[in-house]
Amino acid sequence: MREALILEELVKNIRNMKFDTQAVHAGTEEDVHGAVVTPIYQTSTFKFKSVQHGASLFSGEEEGFIYTRMRNPTVEAMENAVAVLEGGARALGCGSGMAAVHTAFSALLKSGDHVVCSESVYGPTSTLLKTVMHGFGVETTFVDTSDTEAVRKAMKNNTKVVFVETPCNPTLIISDLAAIAEIAHAQGASLVVDNTFMGPVMQRPFELGTDVIVHSLTKSLNGHADVVGGIVVVKDEQTYPHFRKTLNQIGGVIDPFNSFLVHRGLKTLSLRVKHAAESAMRVAEHLEQHSKIAWVRYPGLPSHPQYELGKKQMSGPGSMIAFELKGGLEAGKTMMNSVHLCQLAVSLGGVESLIQHPASMTHASMGREHREQAHITDGLVRLSVGIEDVEEIIADLDHALQLC
Ligand SMILES: *Cc1c(COP(=O)(O)O)cnc(C)c1O
């Protein structure tokens, strides 16, 4: 009984708890049957007690569930958990990371508006801006956001969104979020950060002035390569209703079962990403001194051009490594075809180590010209370090490198 009371108190005060406690308990509420885990409410719709009840739910007079696209208890539990972990007011679960990016753009932009976006972003994000958003009358300037002055110069009177991915995908270049937030706000624009690479364990964008965070839940937040999902987190409660209406109209929501899986993944987020980052540090150091490797880019290595900014802005180096072989693209292909433990697949941030070739895979749709501008060389290999035994990951890479 005493323990139950303590736990109840703890969950109520979840926003004041430490991250690891939040990860396990955030979003989970008292259940009628005493379930420890939020059940999967696999239902599309919810029964009204009467016509009057239905009407008052629709008018907002009464709180409750109407229809799963609008609100569902399992989805909401996961959303609340992510909102707590990111330190934002509210979160909106989406069907994919791209649905989250699209929802954020749709909520913040209209025809005639301008966006400043990191030039080295997740490929489909840049394609979305250049195609769909462009078609709706939104113009984008892509800049190297690690150059704060370049961001300032790119701002226009009609700039409404500054979209930053840091560290950038796949070049791992770091942008100074606090400085960019100041520039964006001076212009009345919102700073939107794609925090997929680092996640809330190692990077806290809201504490640096960010207004909206987007995530691909597909990556480290779920972490087990069995869900495609995304989320938008808003810092301020006041902006939330507009975002919710926008998502409700666009319709790109996540479903209850996937929300359940993500919520389950969140509980071990901290353990997983810290372990993966420790291993990634060892792998990066090993690759950097390897005779077949031309260069390694990893935020934990002093050779990273923004090593100091990374240390200031992030509490850990993450688990993503970019590198190029001395033999360039051909040697890189041989390596990627020769690994066994590391799997040749896109995606990242999961328990399994994944290796891929951005120029022909994740960033192919960007086009060569934009890739060159963003320093995504043809020989760049991207490695997402998982939580397998680190000696065995290194042995796998070494074996493949011998054949190059
Ligand atoms: C994967 C990814 C996305 C898109 O997420 P999906 O779930 O695949 O739609 C967006 N941003 C970054 C940084 C990503 O890695």
Side-chain angles (χ1 to χ4, degrees), residues 78 82 86 91-106 115 117-133 142 145-146 161 163-175 177 192-203 205 210 212-233 247 250-255 258-259 261-262 265-266 273 276 280 299 314 318-322 345-350 352 354-358 361-366 374 376 380 382-386:
M78 181 279 290
V82 176
E86 280 289 6
L92 304 99
C94 300
S96 68
M98 284 316 299
V101 172
H102 183 216
T103 300
F105 286 155
S106 302
V115 177
C117 179
S118 303
E119 65 186 1
S120 179
V121 277
Y122 185 68
T125 301
S126 78
T127 311
L128 174 68
L129 285 166
K130 284 188 270 188
T131 58
V132 179
M133 298 312 292
F142 292 94
T145 47
S146 71
V161 166
F163 187 94
V164 175
E165 207 180 290
T166 178
C168 266
N169 182 9
T171 56
L172 301 171
I173 282 295
I174 298 167
S175 299
L177 290 180
V192 182
V193 171
D194 184 333
N195 203 27
T196 301
F197 262 40
M198 298 308 293
V201 176
M202 294 187 178
Q203 183 163 271
T210 298
V212 176
I213 292 174
V214 293
H215 263 288
S216 170
L217 294 171
T218 317
K219 315 296 166 54
S220 66
L221 295 198
N222 179 59
H224 294 74
D226 48 12
V227 168
V228 170
I231 203 155
V232 181
V233 192
L247 176 60
I250 293 174
V253 294
I254 192 168
D255 66 88
N258 278 343
S259 298
L261 288 174
V262 171
L266 289 175
V273 302
M314 316 183 310
S319 57
M320 300 300 296
I321 303 172
V346 299
S347 201
L348 58 101
E352 54 286 284
L354 301 177
I355 197 163
Q356 70 113 355
H357 179 229
M361 296 171 186
T362 45
H363 292 67
S365 73
M366 237 180 164
I376 304 169
L380 187 151
R382 192 186 81 178
L383 175 65
S384 172
V385 178

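Atoms within a ligand are numbered from 1 in the order they appear, just like the ligands themselves.
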_To check you understand the geometry: which heavy-atom pair defines the closest contact between Leu348 and Leu354, and what is its length?_
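Nearest pair, atom of Leu348 first, then Leu354: N-CD1, 4.2 Å.
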
May I have a table of the N/O to N/O pairs between ligand 1 and the protein that fall below 3.5 Å, each row giving the two atom names and the distance to 0.1 Å?
| residue | atom | partner | partner atom | Å |
| --- | --- | --- | --- | --- |
| ligand 1 | 5 (O) | Ser216 | OG | 3.0 |
| ligand 1 | 7 (O) | Gly97 | N | 2.8 |
| ligand 1 | 7 (O) | Ser216 | OG | 2.8 |
| ligand 1 | 7 (O) | Thr218 | OG1 | 2.7 |
| ligand 1 | 9 (O) | Gly97 | N | 3.0 |
| ligand 1 | 9 (O) | Met98 | N | 2.9 |
| ligand 1 | 11 (N) | Asp194 | OD2 | 2.6 |
| ligand 1 | 15 (O) | Lys219 | NZ | 2.7 |

*Considering the options Asn169, Thr166, Thr171, which one meets the side-chain hydrogen bond (donor to acceptor under 3.5 Å, both in side chains) requirement together with Ser120?*
Thr171

Partners meeting side-chain hydrogen bond (donor to acceptor under 3.5 Å, both in side chains) with [X] (sequence neighbours left out):
X: Asn195; answer: Glu86, Gln203
X: Ser118; answer: Thr145
X: Ser106; answer: His102

*Can you check whether Tyr122 reaches Thr196 side chain to side chain, under 4.5 Å on heavy atoms?*
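The answer is no, as the side chains (C-beta and beyond) never meet within the 4.5 Å cut-off.
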
